[in-house]
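First up is the structure itself, then whatever we jot down about it.
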Amino acid sequence: QLRLVESGGGSVQAGGSLRLSCAASEYTGGNNYMAWFRQAPGKEREGVAAIYIRTSSTYYADSVKGRFTISQDSARNTLYLQMNTLKPEDTAMYYCAAGNIISYSDNLTSTKYKTWGQGTQVTVSS
């Protein structure tokens, strides 16, 4: 059974950077997308970035375009999220997820993903 483990969260000042990692326990071959989601207290979980595993095509929420970069290292079964120019509103628990998404328009929809990590906290102070 596929397991996902996130790491790399922490506390940073506004304008700083962090890189999150998500290690998969095995080849994610049964899935065609991996993605990062985040959830702040009292808010719904929102999609941040997604990557189509076969081609490495990437998709981003408008709120992070130009600041965040999702990437994968297939040889290491690892997903990354490079976060630059962080803002206080980026503060949240960040989760990685894997799924078999039928329509690319759903690639940032949390309910379409079946496998989730436990999350890593990102806190950005002003």
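Values in this document were obtained by computation on a predicted structure and should not be read as measured data.
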(request) Kindly say whether Cys96 contributes a backbone atom to a donor-acceptor pair with the side chain of Glu6 at under 3.5 angstrom? (result) yes

(request) Following the transitive rule for hydrophobic clusters with a side-chain heavy-atom cut-off under 4.5 Å over Ile, Leu, Val, Met, Phe, Trp and Tyr, establish whether Val124 and Tyr94 coincide in one cluster. (result) yes

(message) Using 0.5 Å steps for rounding, measure from the CZ atom of Arg67 to the OH atom of Tyr60.
(response) 12.0 Å

(message) Measuring from atom OG of Ser63 to atom NZ of Lys65, what distance do you get when rounded to the nearest 0.5 angstrom?
(response) 9.5 Å

(request) With the side chain counted from C-beta on, respond yes when Gln82 and Phe68 share a heavy-atom pair under 4.5 Å apart, and no when they do not. (result) no

(message) Whether the side chain of Asp106 engages the backbone of Thr109 through a donor-acceptor N/O pair (distance < 3.5 Å, no angle test) should be reported.
(response) no

(request) Assess the pair Phe37 and Tyr113: is the distance between their ring centroids shorter than 6.0 Å? (result) yes

(request) Quick one: pull up NZ in Lys112 and CG in Asn100 and give me the separation to the nearest 0.5 Å. (result) 11.5 Å

(message) Do Leu20 and Leu86 land in one hydrophobic cluster if side-chain heavy atoms of ILVMFWY residues count as linked below 4.5 Å?
(response) yes

(message) Ignoring hydrogens, what is the shortest heavy-atom contact between Ala61 and Gly47? Give both atom names and the distance.
(response) CB-O, 3.4 Å

(request) Can you see which heavy atom on Glu26 is nearest to which on Asn77, and at what distance? (result) C-ND2, 3.4 Å

(request) Measure the CE-OG1 distance between Met93 and Thr123 for me, rounded to the nearest 0.5 Å. (result) 9.0 Å

(message) Between Ser57 and Thr55, is there a side-chain donor-acceptor contact under 3.5 Å, judged purely by atom types and distance?
(response) yes

(message) Could you check whether Arg19 makes a cation-pi contact with Tyr80, meaning its NZ or CZ is under 6.0 Å from the centre of the six-membered ring and within 45° of the ring axis?
(response) yes

(request) Considering non-hydrogen atoms only, spot the tightest contact between Gln121 and Ala92 and give its length. (result) NE2-O, 3.4 Å

(message) Could you measure the distance from the CD atom of Gln13 to the OG atom of Ser125? Nearest 0.5 Å is fine.
(response) 5.0 Å

(request) Following the transitive rule for hydrophobic clusters with a side-chain heavy-atom cut-off under 4.5 Å over Ile, Leu, Val, Met, Phe, Trp and Tyr, establish whether Leu18 and Val48 coincide in one cluster. (result) yes

(message) Can you tell whether the side chains of Lys87 and Asp90 come within less than 4.0 Å, N to carboxylate O?
(response) no

(request) Give the minimum heavy-atom separation between Leu2 and Ala24, together with the two atoms involved. (result) CD1-CB, 3.9 Å

(request) Could you verify whether a donor N or O on one side chain and an acceptor N or O on the other, from Gln72 and Thr78, lie under 3.5 Å apart? (result) no

(message) Taking the cut-offs as 6.0 angstrom to the six-membered ring centre and 45 degrees off its axis, would you call Arg3 and Trp116 a cation-pi pair?
(response) no

(request) Provide the closest heavy-atom pair for Leu81 versus Ala49 in the form atom of the first, atom of the second, distance. (result) CD1-CB, 4.1 Å

(request) Group every Ile, Leu, Val, Met, Phe, Trp and Tyr by side-chain heavy-atom contacts under 4.5 Å, then state whether Ile51 and Val64 land in the same group. (result) yes

(request) Would you name the heavy atoms of Ala98 and Met34 that are closest together and state the gap between them? (result) CB-CG, 4.1 Å

(message) Taking Asn84's backbone N and O only, do any of them form a donor-acceptor pair with Ser17's side chain (distance below 3.5 Å, no angle check)?
(response) no

(message) Has Gln39 got a side-chain atom pairing as donor or acceptor with Glu46's backbone, closer than 3.5 angstrom?
(response) no

(request) Report the relative orientation of the aromatic rings in Tyr33 and Tyr52; use parallel for angles under 30°, tilted for 30 to 60°, perpendicular for over 60°. (result) tilted

(message) Test side chain to side chain contact (heavy atoms under 4.5 Å, CB included) on Ile101 and Asn32; report intermediate values, then the result.
(response) CA-CA 7 Å; Ile101 310 300; Asn32 60 359; 4.0 Å; yes

(request) Give a yes or no on whether Leu4 and Leu79 share a hydrophobic cluster (residues Ile, Leu, Val, Met, Phe, Trp, Tyr; joining criterion: side-chain heavy atoms under 4.5 Å apart). (result) yes

(message) If you define the side chain from C-beta out and look only at heavy atoms, does anything of Trp36 sit under 4.5 Å from Arg38?
(response) no

